[in-house]
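Each residue takes its place number in the sequence, starting with 1. Whatever order the structure lists them in is the order used to number ligands and atoms, beginning at 1. Computed from heavy atoms alone, side chains included, the values below leave out hydrogens, waters and symmetry copies.
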Amino acid sequence: MPWDPWIVYNDWAKKYILGQSVVNLNSVKSIMNILEKKAVNTSERLWMPVFYLLKLDWSFPFMNYTPFWKAHRKHFHQHLGPMQMEIYRPIIKDQMLKYLQALVKNPHDFRLQTRSWLGLTFMRLSYGIDDAQWNKNLIVKAQAMNQGFSEAAIAGRYLVNPIPLLRHVPTWVPGAGWRKPLEMVGELSREVSRVPFKQAKEQVDRGKVNEDISLVRHLGPGSHIYEGFPPARASHLVVSLHPTTWRLARVSYWSLSTPTLATQVMAKAQNEMDTVIGTDQLPQPEDYKHLPFVQAVVKESTCWHTVGPFALPHVSKKDESLANRAVMHDLECFPDLMSFKPERYLKDGKLNKELLDPEFGIFGYGCRMCPGRFLAKDIILVHFTMCMSFLFNIKPGRDEHGKKIPLEYKLLSTPAPYQVEVCPRSAKHAALIG
Ligand code: HEM
């Protein structure tokens, strides 16, 4: 097995993507030069023939760098930009409280609780329907669709990618059975991208919406977006929130695992929260700016294990294909990264603004940088402050002999299943969440 990365990547290119050239950018400098400075040329996407069968034409992240994509991007920013975050906080807070109550009752199920908390939050933010069953049904479908996409997008899995004409072969032709599961995911994709939006919009049009602050509500009659942006396109924006639930869930698994590793760090974060906020009230968003150490821990736990180490590939117009990897491990900019050291982001007790922010590596680059990052960061910070620094002491779980269960890590940036003990820091803290 050769260990020089370029030999390994070259080998992958031959094995998995049949000669297509892929350039892996793994230093901040090269990413700056290619994906930031030359963003107009390097912001296309890789459209795979299998995506036709998956009916992925609505998918905003896979659109090419066209005026159609630009219109989506502009509207997305108008509704989910930094100035809009305040609007969504009541839903985030309400779902957060329900999640914390569920965690107290059943800490062993924290993965399930975390996924369900994020799923319900995103469905409420998207469609504004506060009907847990309606939202749960949609979550199940969106999850199945997402799973189908992830499997189908594995390079080398389907011959239709190198031989695009195969997508026209009907299912009844012997040997074309491979189409069936893809077509099923395609049907799901059509349904999920259209039906819930239509149902939610009908409610808005009839003035029967449950919540005032959902994305669909903002796309209703009279709003500026409604005038210039047809509903079919608006639904693309709303549905693009679905897959992000699982990304954020992974971030949460990582951050829940962090305190079990770094108890001293947690003690320091809790101490800062106690000093700044006290113990009589829940933390509020306006408190964050007074919590530099907590913010540094959040930064460290999100970049310590980047959830999507390969981000999404960027394709250049000039016949070169670019992807990135391991930028968070560019030692020039992030020295000694495998040690959990939140202090690296601080200078004189404040956040060090001179340091490259790790979100540079986590949320992608150039014109395609994640437009949902403001919402993601808001949710991560609320999760961390409420759950980890303020309300609970989180320790590694124990086996039947009382021995600590060690954490395991998987290559694909999800910690392997682990148990934690979640207990309220005090009766007073527990009373705050009802
Ligand atoms: C911790 C959570 C998240 C992470 C780590 C993350 C990361 C990323 C990355 C790496 C990309 C590709 C950027 C590139 O091509 O250079 C991306 C794209 C995208 N993300 Fe996120 N994301 C997160 C949460 C969200 C949320 C909450 C939303 C929706 C509110 C969202 C919506 C999108 C969209 C629509 C794109 C495609 C943008 C485009 O192609 O122009 N993401 N994200």
Charged N-O contact under 4.0 Å between Glu343 and Lys268: yes

Pair Glu187 + Arg190: basic N to acidic O under 4.0 Å:
no

What atoms in ligand 1 come closer than 4.0 Å to a heavy atom of [X]?
X      : value
Ile362 : 5 (C), 7 (C), 10 (C)
Phe122 : 27 (C)
Phe60  : 35 (C), 41 (O)

Heavy-atom proximity to atom 37 (C) of ligand 1, picking from Gly364, Gly372, Pro61, Cys370, points to Pro61

Note: heavy atom closest to atom 14 (C) of ligand 1, options Met63, His314, Met369, Arg373, belongs to His314

Under 4.0 Å between heavy atoms, the region of Arg73 that gets near ligand 1 turns out to be side chain

**Prompt:** Are any of the N or O atoms of Tyr365 closer than 3.5 Å to those of ligand 1?
**Reply:** yes

dist Tyr88:OH -> Leu80:CG (nearest 0.5 Å) comes out at 4.5 Å

Between the OG1 atom in Thr385 and the CG atom in Leu282, the distance rounded to the nearest 0.5 Å is 9.5 Å

**Prompt:** Yes or no on side chain to side chain contact (heavy atoms under 4.5 Å, CB included) for Leu391 and Arg425, after CA distance, side-chain angles and deciding distance?
**Reply:** CA-CA 6 Å; Leu391 287 168; Arg425 287 181 63 200; 5.9 Å; no

Quick check, are the ring centers of Phe392 and His429 under 6.0 angstrom apart? no

Yes or no: does Phe62 have any heavy atom under 4.0 Å from an atom of ligand 1? no

